[in-house]
Amino acid sequence: MADGATIGIVVIYCLAMIGIGGWASRKIKNTEDYLVAGRSLGFWVFVLLMIGTVCSGMSLLGVSGLGFKFGWPTIWEQIFVPLSIAFCIIFFGVKLHAITRNTGYMTVQDYLAHRYESPTALRTLSAVAGIIVSLIYLVGQYTAIAIVLMWLFEIPLWLALIIATLVVTIYTTIGGLYAVAWAALIQSFILILGVVIMAPIIIFYAGGFTHVNEFMASVNPDLVQPWMAEGMVFTPAYLVSFGVLLIIGLACAPHVINNILAVKDARLFTWAPLLGFLIYGIVMFLLKFAGFAGIVLVQEGVFTLPDVPNAQDFVILYGIQNAIPHIALWSIFAVIVLAAVMSTTDRLMLTIGAMFSWDIYKKIIRPDAPDTQVLLISKIVVILSALVTMIIALNPPEMLAFLIWMGIGVMLSTFAVPLLAGLYWRRATRMGAIVSMAAGLVSAGIFGAYYQYVAKLPLHFSFYAVIISCIAMIIVSLCTKQTSEKVLDETKTGWYIRCP
């Protein structure tokens, strides 16, 4: 498939990302510059960074693939995911940013350690949990990038993964959050413009929206229902847990919430939630409709998906290939897909590096470590996280969307209750947070394994785990000594969002 023009366009894009890393590296003077971009992010850089961070491999490949497999019952995803941006900024961001002005937090673990007066136990637990779930999530991102490169260049999976790993690792390692943020600005712009052009072309190629909808109904009436009447996925009960999973779980993910700490001015939060929701919501709906169009194109024999476990994740790529007759344009749209998946991959890698170098190495293992050493450790861990997830991704999951939901589910079970209780409930205690986080993490593993290997559950497995985490927080907190009033005041804990 790949010709000279295709190779040239993709190479130029990759070199541009590496170039951003090189430019950003000149701004890196210390760990704060590397991890939170010197707290200098402006409005559009922040908004598009949030969109880029939430917009993962699932957004182009998984969303359309899910729509292709299950139809309209999956449309709720396109409401829940954009809402996670608004939820993160409103319920976490406004207050955390106000606290950070006085405390200088580098990671969300800094907040948890301060609020719960647990500089070692809770910090370690939350950092280790954050690294584990970020690695799970990262596997899905590398799989998505590899899918694009395999399709475009007709190369084996291992070679696609090596190329993807090298490009993302280089610019993330040398440029830190400066590179990630400015890369996200460009990547998000490419994504938004590309999807607005690309998705309608695929839909019209399949006969238009009305024809697609009527065809889906003729194939299977369940494909055009707002939810599934029976089964274990996308039923009304499941959708309740699904909404909690995506709105709150993604909002409290470390790689998303840490963006808040890098914002220059809290006044940027005024319009950011609405714009983030609207821009990303439009992109997500168009991608879902492109997946619907894929049902028509496959059923009518326009193209056949590859014989691989995650075949539905290729539907938008094959749709582009057939709807756009000029091979030179395929590479442009391939860059759009690469931009989407890279925009989350780099943020995850940097977050893993931050949690290990700052929260574990600097704060626990070696508190007297010089700043240059912490910075070096962070870069080394970024590289190692890329290598580990690349190896795991050699055996790709059956569906990208389900893998990513698993990662988000563990994030929800682990971080949601300690964060929300810490910010808004003055009675939440150190032991309550530790037990809540541990119970959420362990029960997520148990329910997730049961769902995967024993029997399907009527609700997403994380919903059971977060309820257990919430009960543990309430019971243990009411039975243990309250956090000091001084710390509660310093961390602005209380039933309000905007700090007085």
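As the structure is a computational prediction, the values presented were derived from the model and not from experiment.
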### Task
Determine whether S118 and I434 make a side-chain contact, defined as any pair of heavy atoms from C-beta on separated by less than 4.5 Å.
yes

### Query
Under 3.5 Å, is there a donor-acceptor pair between the T429 and Q482 side chains?
no

### Query
Side chains of N102 and E490: does their closest heavy-atom pair fall under 4.5 Å?
no

### Side-chain (T270) to main-chain (R267) donor-acceptor, under 3.5 angstrom
yes

### Query
Going through the distances and angles, do M411 and S462 end up as a side-chain contact (heavy atoms from CB on, under 4.5 Å)?
CA-CA 9 Å; M411 292 174 187; S462 63; over 6 Å; no

#### Entry: Side-chain heavy atoms of K379 within contact of T173, under 4.5 Å
yes

### Task
Could you tell me whether the side chain of R427 and the main chain of S477 form a donor-acceptor pair under 3.5 Å?
yes

### Query
Is the closest side-chain heavy-atom distance between I89 and M50 below 4.5 Å?
yes

### Heavy-atom closest contact (V94 atom, I497 atom, distance)
CG1-O, 3.7 Å

### Query
Just how far is it from atom OH of Y464 to atom OH of Y450, taken to the nearest 0.5 Å?
9.5 Å

### Between N258 and T351, a side-chain donor and acceptor under 3.5 Å
no

### Task
Give a yes-or-no answer on whether the side chains of S436 and S469 include a donor-acceptor pair shorter than 3.5 Å.
yes

### Message
Once side-chain contact (heavy atoms from CB on, under 4.5 Å) is applied, do any residues pair with I163, and if so which ones, sequence neighbours excluded?
### Response
L149, I155, L159

### Query
Donor-acceptor pair, K363 side chain versus R123 backbone, under 3.5 Å?
no

### Task
Any chance you could lay out the side-chain contact (heavy atoms from CB on, under 4.5 Å) test for V168 and M349, step after step, and finish with the verdict?
CA-CA 9 Å; V168 182; M349 290 165 55; 3.7 Å; yes

### Message
I'd like to know if the side chain of T389 reaches the main chain of A386, judged simply by a donor and an acceptor atom lying under 3.5 Å from each other, with no hydrogens or angles considered.
### Response
yes

### Task
May I have the step-by-step check of ring-ring contact (aromatic ring centres under 6.0 Å, His included) for F463 and F447, ending in yes or no?
CA-CA 9 Å; F463 195 78; F447 283 108; over 10 Å; no

### Query
Are E77 and K288 within salt-bridge range, i.e. N to O under 4.0 Å?
yes

#### Entry: Heavy-atom check, side chain of D359 versus side chain of I364, under 4.5 Å
no

### Message
To the closest 0.5 Å, what do you measure between CZ (F242) and CD1 (I79)?
### Response
11.0 Å

#### Entry: Residues forming a salt bridge (charged side-chain N to carboxylate O under 4.0 Å, His left out) with R101, sequence neighbours excluded
none

### Query
If every non-hydrogen atom of L245 is compared with every non-hydrogen atom of I408, which pair is closest and at what distance?
O-CG2, 3.4 Å

### Query
Looking only at heavy atoms, what is the nearest atom pair of L268 and V263, with distance?
CD1-CG1, 3.6 Å

### Query
When rounded to the nearest 0.5 angstrom, what distance separates CG in L419 from OH in Y424?
10.0 Å

### Query
Taking the six-membered ring of Y496, is the NZ or CZ of K95 close enough (under 6.0 Å from the centre) and on axis enough (within 45°)?
yes

### Task
List the steps, then state whether side-chain contact (heavy atoms from CB on, under 4.5 Å) holds for T372 with L376.
CA-CA 6 Å; T372 53; L376 177 62; over 6 Å; no

### Task
First locate atom CG of N259, then atom CZ of F92, and finally report the distance between them rounded to the nearest 0.5 Å.
13.5 Å

#### Entry: Salt bridge flag under 4.0 Å for residues D110 and R115
no

### Task
List the steps and the verdict of side-chain contact (heavy atoms from CB on, under 4.5 Å) for K362 and S357.
CA-CA 6 Å; K362 170 68 175 178; S357 65; over 6 Å; no

### Summary
Here the pair of heavy atoms bringing A465 nearest to S413 is CB-OG, 3.3 Å

#### Entry: Side chain to side chain, V410 and I132, heavy atoms closer than 4.5 Å
no

### Message
Any side-chain to backbone donor/acceptor pair from Y116 onto P418? Under 3.5 Å, distance only.
### Response
yes

### Nearest heavy-atom neighbours spanning A438 and L125
N-CD2, 3.9 Å

### Task
Indicate yes or no: at least one non-hydrogen side-chain atom of R430 is less than 4.5 angstrom from one of T480.
no

### Task
Could you tell me whether the side chain of S84 and the main chain of V81 form a donor-acceptor pair under 3.5 Å?
yes

### Query
Is a side-chain donor-acceptor pair under 3.5 Å present for H460 with Y451?
no

#### Entry: Shortest non-hydrogen contact between I360 and I131, atoms and distance
CD1-CD1, 4.1 Å

### Query
Applying the side chain to side chain contact (heavy atoms under 4.5 Å, CB included) test to L287, which of L66, I282, V63 qualifies?
V63

### Query
Hey, what do you get for CE (M284) to CZ (F277), rounding to the nearest 0.5 Å?
10.5 Å

### Query
Is there a salt bridge (charged side-chain N to carboxylate O under 4.0 Å, His left out) between R39 and D265 once you walk through the steps?
CA-CA 9 Å; R39 308 186 197 279; D265 192 332; over 6 Å; no

### Side chain Y111, main chain G422, donor-acceptor under 3.5 Å
yes

### Message
Any side-chain to backbone donor/acceptor pair from S385 onto V382? Under 3.5 Å, distance only.
### Response
yes

### Task
Hey, could you give me the CG/NE2 distance between L122 and H114, rounded to the nearest 0.5 Å?
13.0 Å

### Close side-chain approach of M473 and C470, heavy atoms under 4.5 Å
no

### Task
Say whether, by atom type as modelled, one donor and one acceptor occur between the side chain of S378 and the main chain of V374 under 3.5 angstrom.
no

